[in-house]
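A short worksheet on the structure shown next.
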Amino acid sequence: MNTTQTQHNHYNILTSSDNTLIPQIAVSLTAMVKNLSSDFIDFYILHSQITSDNLQLLSALCSGYGNIAFHEVRIDNPEIFDPLVQAGSWFRETYFPLCAHQLLPDTVDRALYLDAGDILVLGDISPYYYCNFEDNFLTVTGTHHKTDNHSYIQFSPDDINIPAFLPGILEGLFNSGSYMINLKKMRETKIDISYYYHLTEQLGSLKTKTEEFVYFGDQGLLSAAFIGKMKYYGYPQIQDQYYWPYNFCLGYYDHFDHKPDYQPAILHFAGVPFKPWKANYPMFPKRFQTTGGTPRELTELKPILIEYYFLWLEYLFLTDQIMTMLGF
């Protein structure tokens, strides 16, 4: 990779994970640096239990690329997130980014969160990354709107008190695979874990006793926490609920049998029968094979999806080559 070219943009990108997804994160890093090769990235991983060997692997990989700096952020008291886990399911790591403004350096005023493992950065992310927050806490890919005279309308804070709207809000007004965090505003308003505790208690009182969880993962909690205070990217100029260039979930093809009229810059393997590392490929490096479960056949996928899986596989083989060169 040519690291002498002029670097145009700087990005703070973060994820959170345990040891399980380290190989997949490595693949995501490869796509990221390849497709943002003229830019510089500070990459932060929030964790509480990743082994030193795995951290060393990711650090060495980033050092080998040259245009990305690796930062581990260890959470020493991960149990403080357990009330959020109990209310919304998923793992502790899912909720670490909710406090990213307290975990990342104070000099970092904005950051792009990406899900661990199932994301590929494929193109220019600067329009999304540098988009004006307009005093909102988040910039998101909106997936749930109200409608009025065939126009989409964002939800307002009062809508959380309307029973008909509540399930959709707590399922998530956006997909949390990729979103921008206004760290500066989070700090200025002194958001902390107690804010989410209090909100969880309030939401629990609104839910029916027959429902197992208060909200769906992190996106349901974030949607409730910042309803009316999130910027839907592209809205209102673009009135298309499937305009997802910076979080293109492959579940798009549950609704369409053709590609979108925009080029996705961030690809998200969400809404698919199985993740790309679970597929039965003709060749697959042993170090990336997961234990447990029978590999899934590509024939289970819609034909239009298969090319995305082979695109992921290309980045996997490139990652494998680089890891071998680095002595891993």
- Message: Looking only at the aromatic ring of each residue, does the gap between the centers of Phe40 and His8 stay below 6.0 angstrom?
- Response: no
- Item | Tyr235 (side chain) donor-acceptor with Tyr152 (main chain) under 3.5 angstrom | yes
- Message: With no hydrogens and no angle check, just 3.5 Å: does a side-chain donor-acceptor pair link Thr51 and Asp53?
- Response: no
- Message: Under the criterion side chain to side chain donor-acceptor pair (under 3.5 Å), I'd like the reasoning laid out for Asp18 against Gln49: C-alpha separation, chi angles, the key distance, then a yes or no.
- Response: CA-CA 6 Å; Asp18 57 14; Gln49 56 177 303; 4.7 Å; no
- Task: Find the distance between OG (Ser126) and OH (Tyr246) and round it off to the nearest 0.5 Å.
- Result: 6.5 Å
- Item | Validation row: Asp42, Tyr44 side chains within 4.5 angstrom (heavy atoms) | yes
- Of Tyr233, Tyr243, Phe133, which meets ring pair (Phe, Tyr, Trp, His ring centres under 6.0 Å) against Tyr128? Tyr233
- Message: Per the salt bridge (Lys or Arg N to Asp or Glu O under 4.0 Å) rule, what does the pair list look like for residues 100-114, sequence neighbours excluded?
- Response: Asp106-Arg187
- Message: Between Tyr242 and Tyr262, is there a side-chain donor-acceptor contact under 3.5 Å, judged purely by atom types and distance?
- Response: no
- Item | Check: Ser63 side chain, Ser59 main-chain N or O, donor-acceptor pair, under 3.5 Å | yes
- Task: Taking the six-membered ring for Trp and the single ring otherwise, decide whether the centroids of Phe310 and Trp312 are under 6.0 Å apart.
- Result: no
- Message: So if I apply the salt bridge (charged side-chain N to carboxylate O under 4.0 Å, His left out) rule between Glu134 and each of Lys229, Lys185, Lys231, which one comes out positive?
- Response: Lys231
- Smallest heavy-atom separation, Ala116 atom then Leu21 atom, equals O-CD1, 3.5 Å
Donor-acceptor contacts under 3.5 Å from residues 272-279 side chains, at least two apart:
{"unit_1": "Lys275", "atom_1": "NZ", "unit_2": "Asp118", "atom_2": "OD2", "d": "2.7"}
{"unit_1": "Lys275", "atom_1": "NZ", "unit_2": "Phe269", "atom_2": "O", "d": "2.6"}

- Would you please indicate if the ring centroids of Tyr95 and Trp90 are separated by under 6.0 Å? no
- Message: Using a 3.5 Å distance criterion without hydrogens, assess whether the side chain of Asn35 forms a donor-acceptor pair with backbone atoms of Ala31.
- Response: yes
- Item | Geometric class of the Phe288/Phe284 ring pair [parallel <30°, tilted 30-60°, perpendicular >60°] | perpendicular
- Message: Taking Ala26's backbone N and O only, do any of them form a donor-acceptor pair with Thr30's side chain (distance below 3.5 Å, no angle check)?
- Response: yes
- Message: With a 3.5 Å distance limit and no angle check, can you tell me whether Tyr65 reaches the backbone of Met32 through a side-chain donor-acceptor pair?
- Response: no
- Query: Are the side chain of Ser28 and the backbone of Leu120 linked by a donor-acceptor contact shorter than 3.5 Å?
  - Reply: no
- Query: Side chain of Asn247, backbone of Asn175: donor and acceptor closer than 3.5 Å?
  - Reply: yes
- Message: I'd like to know if the side chain of Asn9 pairs up with that of Tyr11 as donor and acceptor (distance under 3.5 Å, no hydrogens or angles considered).
- Response: yes
- Taking Tyr232 for its side chain and His144 for its backbone only, find out whether a donor-acceptor pair lies under 3.5 Å. yes
